[in-house]
Each structure stands twice: as C-alpha cells, then as structure tokens.
Amino acid sequence: MINQEDFFKKIISHAKEYGFVFPSSEIYDGLSAVYDYGQNGVELKNNIRQYWWKSMVQYHENIVGIDAAIFMHPTTWKASGHVDAFNDPLIDNKDSKKRYRADVLVEDHMAKIEGKITKEVAKAQKRFGDAFDETQFKTTNQRVLDYQQQIDTISQRFYAALEKNDLQDVKQLIEDLGIVCPVSGSRNWTEVRQFNLMFSTKMGSTADGANEIFLRPETAQGIFVNYLNVQKTGRMKLPFGIAQTGKAFRNEIVARQFIFRMREFEQMEMQFFVRPGDEKMWYEYWKKERMNWHLSLGIPADKYRFHDHEKLAHYANAAADIEFEFPFGFKELEGVHSRTDFDLSAHQKHSAKKLQYFDPETNQSYVPYVVETSIGLDRMFLAILSNAFSEEKLEDGSERVVLKLPALLAPYKAAILPLMKKDGLPEKAREILAELQEDFMCHYEEKDAIGKRYRRHDAIGTPYCITIDHQSLEDNTVTIRERDSMAQDRIPVEELAAIIRKRIRPVKQA
RNA sequence: GCGGGCAUAGCUCAGUGGUAGAGCAUCAGCUUCCCAAGCUGAGGGCCGUGGGUUCGACCCCCAUUGCCCGCUCCA
C-alpha cells in the first residue's frame, strides 16, 4: 500500500492528464487555489449536480428550485451576519510563527484583568463572611476600581479602533498592554492585517459613483431573500423546500488540498422551511435522507460518518457534518444544519418586510424555522474521484488504472469501438453511435488496438465499451464490456439502450 | 502569512559553466479479429518568470510566481 500523500498526488495528476481538472490560467503560472474543469471533469460535475437536483427537486413534490444571482444587495450580508462575523484582524508572532486573531488577544487580556477582580472578590468574601456585600465591595474597593478602570480604558480604545478600522492602533494597543505570545513569550508582533472572508467588487459604471458589493460567500441567502416570492407564487405550504446550486466565493486564509478548499467553489443547497417546533424532526429526517443519497451511489458506508458540532455557528441550534474519508482523512463533505428562524428573522428586521407564513391549521402567522442541507459540489467531485481511482494488477502481470466511477456519474456512458478500421466496421459502429447518442454521452474511437482503447476508457471511467466486430455485420449483435470486471457479453444491438439504461441506475436505499 | 522542498518535451524524469536527452504519449503510414502488440517516419522545449555574476548560465547568486508538506484559520 502506497502512502496517502502519494496516492493523493496520483489522483491530482490523473485528473489533469485525463481532462478532469486543470489549474486555472495555467499558461500564466496558474492562480492560487483556483481550478478549471476540463472536458471530462465538466461532465462528471454536471452529472453530480444533475443527480442531486433530481433527488431533491424532481423526487420531492414539496421542493422547488431557484437560481438566484451571485450579486446581492449589500444589506443581505449585514443581515446574515457575514459582515460582522467574518472580518477578523489577524496578527502573527514572529518568533513562534503562530497566528492569532488580534481581537481575541485583547479580549483575553481583558478577561485576565476580569479574573483578578473575581479573585479580589473571593478573597474579600472569605474575610468578611456572611456580612459581605459584593456590589458594595466592587464599587468601593480601590483595587477593584483600578482594575475596572483598566478594562474600561482598554475596551473603549479597542472598540473605537475596530470601529474605525484603525489596525495600527490595534497593534499599538497590543504593544502598550504588553501582551505576549503564549507560545514564544515574546512581543515580537507583525502588523495587524484585516482578513475579509468576502470578495468585494464595485457595482456602477464609474468608480467614484460605484457601490461596494460582495460576491456571495454562500448560496443560502439567495434562497432566504426569495422565500416569500417562492412561497406566494408557488402557493407553497409548510413544510417545503427551496433548492439551489451555484458558485460561492470565500477568501480563505489558506486554500489548499486541490479542489477541496477553493476560493471559488460551487454549492448545492436546500433550505427546508418548517413549523417552529418541528425542526428537530426534520433535522433528523434530512440527516438520514442525505446519507442515503450518498450511499445510493454505491460508495461503501464506512467511507462516510456523521460529525455532530459541539460549537454551533451564530445561526444554528443543531448541526452535523457528513464527513467523507478523503485521501487526507475524514473531512466535511456536507452539512445539515438546523438554522432556526435566524435568517428569515434577520432579513425581516433589516428589510422591514414581513417574512411570515400564515398557518391555516393553527390560524397563526410566524416566521418559519429552517433546516438546511448544504453540500460542496467540488468536494463531492473529489470524493467520487478519489474513491473511484484505482490501480490494478492484472493476471497477465500488466497494470491498469481504472476510475471506478458510479456509472450514473461517468462522463461517458459508453464507448463505441469498431474492432478494426476497415471492412465496414466503422460505418456499422457509427450507426450504433447515432442511435445511442440520443440517450447517452458516447465516445467513438477507431484508432489503436482494441486493448489500448479499452484501457483509455478505463482511465476516464467509461462503464461500458461496445465493440463492433465482423459478426456484428452478420447478425446485428455486439459485445458489451463491463469496466470493472472486464467481462464481455454478446447482445443484440436493439437491446443496447435498454441494457445500459438499466445498469446505470443508482442503488436504492431502504 | 511563516518555515522547508520542488519547477527541464503532453506525462515521468536524466543531464553538464560551453546554447539539451531518454522512456511513454501524440500525429501519419503499414501490419493486426478482443485487453496499453510490432515496424517506419514526423512534430514538439528562449530548461517557470525577471534580474545579477561570467567571455559564456538549464547549471552559481538574488528576487518573483506557482505547486507540495508543516504551522496558523475555518460557518
């Protein structure tokens, strides 16, 4: 068994060599953490997206889809919490090479002083016993007053600096307070730099008259702001869902591991609106439903696991990840979150538009609760690809590289191969190609020996190779070769489409 | 952002201070009735980019970009 790191590298180079994933703008030396999908990659990616869409929208009568724009009104991100929650001032300690959030350092420092007050109080309490009046002590004891004064001074200056975005003063404050790095113990700090999660750009034809807007960091908000539009025009009754796939953009501090963490990526999200109080039930429902979706692709169950969040985001009351065992370990692939009424309430407040649902059963209006399923399309792509990649040693001692992709997702469903480039075999093969193309992505190839063509299609995951030989001209039969087993059957041409269609179905889950 | 490593043909890699090679792949032709066959021929590289040292740099030095590993961050 080769080590995981080498295995991952092989997958990356295979992805490039066979037209799945290219580094972005490669002829200009690439662009960090951005990748392009090639001729085979785009098919696989489309197929994953399509299968997700079918599973969510087509198979659920109470789920509909939308496609909201990437540009959104700036207030959207104020309401969602992204503007406030993801603007972190960062600072590095040059000696320990550790990075900290500058605000956390200062807050910790204040907490330390706070701790001293608590200690004084505890000491005094011991001294005075039952007669101790904490409030009085805190307002009269000089030492406590001094500490409190310190905290007030720091916090005043600190929050003023943050408000004005005065990062130099934040650094100055850290120096003035003599804050040291917990690891190196030194005060050798870099400048404070602002980290912004969201990419911004200017909307407007002239720079001076333009407004700053953001590229969405998640697709979910496009659903929330359209909640009322869809509910009204679709006459949707709770519970119902809105699904959407699309690009999102995050300015990651460290974006790495191939397409696992990219700055531009694609999400597939579904927000499910439920009656308050029902959210736990639906949260459990969607956890199970989404796991079944993954298993329906025939990937072993032990590659997946749930990871329940201990620490919850500002909008959630329950959250679990579906993790997948990537070549670099178990990592988040999909999130199922119970988002409460946080988002709709926030938008209701910021927009001053009523985002409520009138429930005829209870005769009440309320803001619905939301259960979200959110999966990274690129991560799914990587999960499928890394699970499929295998190198096999054959009985004759030769080796082959096979992408054992779920047939449903493979870029090509069938390769149409005349055994030889003469005697009318290509003509016959093209007839069959024209027939199958109506239903499936097919690839015609007549160059090179048949074995070589088989291997080429193994490498891009084509599940079926249809070979046309001399017998085909006589009795209208062909051989169909199965990718994983390499076994061949001879079947009548007219049955081909039905057989392929039947074999590429997903695995039904209980 | 910091530390370390890497960058030569489409891919995997050799290489020497005196202006570049192999295997595979690609293309053309011949041969071949089922798992990377053979023969013949062809195309393809200002040796990541920009400076410097030198008579002369793919090679030495500096910078820069990208990738990989580790740290940091992560809804």
Side-chain angles (χ1 to χ4, degrees), chain A residues 4-6 8-10 12-14 16-19 22-35 80-82 85-86 88 90-101 104 181 183 190-193 195 197-198 217-218 220 248 250-258 260-261 267 309 311-316 319 321 328 331-332 335 337 339 342-343 372 374 392 394-402 417-423 425 447-459 465-473 478-481 483 485-488 490:
Chain A
Q4 293 297 290
E5 198 179 299
D6 288 343
F8 189 40
K9 280 182 179 166
K10 275 191 181 176
I12 294 170
S13 59
H14 188 86
K16 188 184 164 194
E17 190 177 349
Y18 288 92
F22 305 125
S24 161
S25 328
E26 199 187 7
I27 61 169
Y28 292 110
D29 285 336
L31 186 62
S32 185
V34 184
Y35 291 88
S80 70
H82 284 83
F86 299 106
D88 301 335
L90 299 178
I91 190 165
D92 294 284
N93 183 271
K94 290 177 186 167
D95 299 311
S96 65
K97 313 290 183 203
K98 296 283 174 191
R99 166 168 296 173
Y100 300 93
R101 281 175 48 175
V104 170
C181 168
V183 176
T190 64
E191 292 302 311
V192 176
R193 290 176 314 275
F195 166 71
L197 170 96
M198 291 190 287
E218 63 176 18
R250 296 181 188 182
N251 217 344
E252 304 284 352
I253 301 173
V254 175
R256 231 183 255 164
Q257 277 160 331
F258 195 40
F260 183 80
R261 179 168 288 137
Q267 295 183 305
H309 285 212
K311 215 177 85 187
L312 294 170
H314 59 274
Y315 53 72
D321 293 338
F328 40 86
K331 297 278 180 188
E332 177 182 0
H337 294 178
R339 292 182 80 128
F342 175 88
D343 299 277
E372 164 192 270
S374 171
E392 288 183 348
L394 301 180
E395 282 177 17
D396 64 3
S398 67
E399 283 183 27
R400 70 164 187 160
V401 176
V402 199
L417 316 170
L419 187 59
M420 300 210 305
K421 204 169 37 174
K422 60 179 186 187
D423 301 338
L425 296 183
K447 195 180 155 39
D448 290 318
I450 190 71
K452 203 173 215 173
R453 284 179 274 166
Y454 285 153
R455 298 299 171 86
R456 271 206 289 265
H457 275 283
D458 288 342
C465 288
I466 315 295
T467 304
I468 292 85
D469 57 16
H470 286 87
Q471 189 182 332
S472 308
L473 299 178
V478 292
T479 59
I480 180 166
R481 167 192 182 267
R483 177 194 65 206
S485 65
M486 301 195 291
Q488 285 179 293
R490 181 165 284 277

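A note on names: the letters A, B, ... follow the listed sequences, proteins ahead of strands, and every chain is numbered from 1. FYI, side chains are in, hydrogens and waters are out, and symmetry mates aren't considered; it's all heavy atoms of this structure. Just so it is clear, the structure is predicted and the values come from calculations on it, not from any experiment.
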Peer 1: Given a 3.5 Å cut-off on both pairing distances, which stems involving RNA chain B, each at least three consecutive Watson-Crick or G-U pairs, are present, if any?
Peer 2: B:1-7 with B:65-71, B:10-13 with B:21-24, B:26-30 with B:38-42, B:48-52 with B:60-64
Peer 1: Is a side-chain N or O of Asp423(A) found less than 3.5 angstrom from the main chain of Leu425(A), in a donor-acceptor match?
Peer 2: no
Peer 1: Rounded to whole angstrom, note down the C1' distance from rU31(B) over to rG41(B).
Peer 2: 15 Å
Peer 1: Taking all non-hydrogen atoms of both residues, which atom of Val478(A) and which atom of Ser472(A) are closest, and how far apart?
Peer 2: CG1-OG, 3.9 Å
Peer 1: Using atom P of each nucleotide, how far apart are rC39(B) and rU32(B) to the nearest Å?
Peer 2: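 That atom pair is separated by 16 Å.
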Peer 1: C1' atom, rU19(B) versus rC58(B): distance in rounded Å?
Peer 2: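 So the two C1' atoms sit 10 Å from each other.
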Peer 1: Taking C-beta and beyond as the side chain, do Arg481(A) and Asp458(A) meet within less than 4.5 Å on heavy atoms?
Peer 2: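 Side-chain contact under 4.5 Å: yes.
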Peer 1: Quick check: do Met486(A) and Cys465(A) have side-chain heavy atoms less than 4.5 Å from each other?
Peer 2: no
Peer 1: For Glu17(A), what residues pass the side chain to side chain donor-acceptor pair (under 3.5 Å) criterion, not counting sequence neighbours?
Peer 2: none
Peer 1: Nearest-Å distance, NZ (Lys447(A)) to C1' (rA25(B))?
Peer 2: 11 Å
Peer 1: Please report the shortest heavy-atom distance between Arg261(A) and Ala33(A), naming the atom on each side.
Peer 2: O-CB, 4.4 Å
Peer 1: Round to a whole Å and report the spacing from CD1 of Ile12(A) to P of rA7(B).
Peer 2: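 Distance check: Ile12(A) CD1 to rA7(B) P gives 18 Å.
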Peer 1: Protein-nucleotides 10-13 of chain B N/O pairs closer than 3.5 Å?
Peer 2:
{"residue": "rC11(B)", "atom": "OP1", "partner": "Lys16(A)", "partner atom": "NZ", "Å": "3.3"}

Peer 1: Write down the protein N/O and nucleotide N/O pairs, taken from nucleotides 30-37 of chain B, whose separation is under 3.5 Å; answer none if there are no such pairs.
Peer 2:
{"residue": "rC33(B)", "atom": "N3", "partner": "His470(A)", "partner atom": "ND1", "Å": "2.4"}
{"residue": "rC33(B)", "atom": "N4", "partner": "His470(A)", "partner atom": "ND1", "Å": "2.5"}
{"residue": "rC33(B)", "atom": "N4", "partner": "His470(A)", "partner atom": "NE2", "Å": "3.2"}
{"residue": "rC34(B)", "atom": "O2", "partner": "Tyr454(A)", "partner atom": "OH", "Å": "2.6"}
{"residue": "rC34(B)", "atom": "O2", "partner": "Gln488(A)", "partner atom": "OE1", "Å": "3.3"}
{"residue": "rC34(B)", "atom": "O2", "partner": "Gln488(A)", "partner atom": "NE2", "Å": "2.7"}
{"residue": "rC34(B)", "atom": "N3", "partner": "Gln488(A)", "partner atom": "NE2", "Å": "3.3"}
{"residue": "rC34(B)", "atom": "N4", "partner": "Asp469(A)", "partner atom": "OD2", "Å": "3.0"}
{"residue": "rC34(B)", "atom": "N4", "partner": "Thr479(A)", "partner atom": "OG1", "Å": "3.4"}
{"residue": "rC35(B)", "atom": "O2'", "partner": "Arg455(A)", "partner atom": "NH2", "Å": "2.9"}
{"residue": "rC35(B)", "atom": "O2", "partner": "Arg481(A)", "partner atom": "NH2", "Å": "3.3"}
{"residue": "rC35(B)", "atom": "N3", "partner": "Arg481(A)", "partner atom": "NE", "Å": "2.7"}
{"residue": "rC35(B)", "atom": "N3", "partner": "Arg481(A)", "partner atom": "NH2", "Å": "3.4"}
{"residue": "rC35(B)", "atom": "N4", "partner": "Arg481(A)", "partner atom": "NE", "Å": "3.2"}
{"residue": "rC35(B)", "atom": "N4", "partner": "Met486(A)", "partner atom": "O", "Å": "2.7"}
{"residue": "rA36(B)", "atom": "N7", "partner": "Glu399(A)", "partner atom": "O", "Å": "3.4"}
{"residue": "rA36(B)", "atom": "N7", "partner": "Arg455(A)", "partner atom": "NH1", "Å": "3.3"}

Peer 1: List in chain and number order the residues that pass salt bridge (charged side-chain N to carboxylate O under 4.0 Å, His left out) with Arg339(A), two or more places apart in sequence or in another chain; answer none if no residue qualifies.
Peer 2: Glu218(A), Asp343(A), Glu372(A)
Peer 1: Using the P atom in both, what is the distance from rG45(B) to rG21(B), to the nearest Å?
Peer 2: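 Straight-line distance between the two P atoms is 14 Å.
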Peer 1: With P as the reference atom in both, quote the distance from rG52(B) to rA57(B) in angstrom, rounded to an integer.
Peer 2: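 Nearest-Å result for rG52(B) against rA57(B) at atom P: 11 Å.
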Peer 1: Who are the salt bridge (charged side-chain N to carboxylate O under 4.0 Å, His left out) partners of Glu26(A), not counting sequence neighbours?
Peer 2: Lys16(A)
Peer 1: Tell me every residue that passes side chain to side chain donor-acceptor pair (under 3.5 Å) with Asp321(A), counting only those two or more places apart in sequence or in another chain.
Peer 2: His309(A)
Peer 1: Please give the distance between the C1' atoms of rG23(B) and rG44(B) as a whole number of Å.
Peer 2: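 Looking at atom C1' only, rG23(B) and rG44(B) are 16 Å apart.
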Peer 1: In whole Å, what separates the C1' atom of rG3(B) from that of rC46(B)?
Peer 2: 34 Å
Peer 1: Using modelled atom types and a 3.5 Å cut-off, is there a donor and acceptor pairing between side-chain atoms of His14(A) and backbone atoms of Ala459(A)?
Peer 2: yes
Peer 1: Going by salt bridge (charged side-chain N to carboxylate O under 4.0 Å, His left out), name the residues that satisfy it together with Arg456(A), two or more places apart in sequence or in a different chain.
Peer 2: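 In terms of salt bridge (charged side-chain N to carboxylate O under 4.0 Å, His left out), with neighbours along the sequence ignored, Arg456(A) is linked to Glu445(A), Asp448(A).
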Peer 1: For Tyr18(A), which residues count as a side chain to side chain donor-acceptor pair (under 3.5 Å) partner, sequence neighbours excluded?
Peer 2: none
Peer 1: List the residues meeting salt bridge (charged side-chain N to carboxylate O under 4.0 Å, His left out) with Arg483(A), not counting sequence neighbours, and say none if there are none.
Peer 2: none
Peer 1: Distance check needed: rG1(B) P versus Asn251(A) CG, whole Å only.
Peer 2: 11 Å
Peer 1: Dump the pairs, protein N or O against N or O of nucleotides 38-48 of chain B, anything under 3.5 Å, distances to one decimal.
Peer 2:
none

Peer 1: Taking rG43(B) as the reference, what is the distance to rU49(B) when you measure between their C1' atoms (whole Å, please)?
Peer 2: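 One C1' to the other, the span is 27 Å.
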Peer 1: Got a sec, which residues hit side chain to side chain donor-acceptor pair (under 3.5 Å) with Arg250(A), two or more places apart in sequence or on another chain?
Peer 2: none
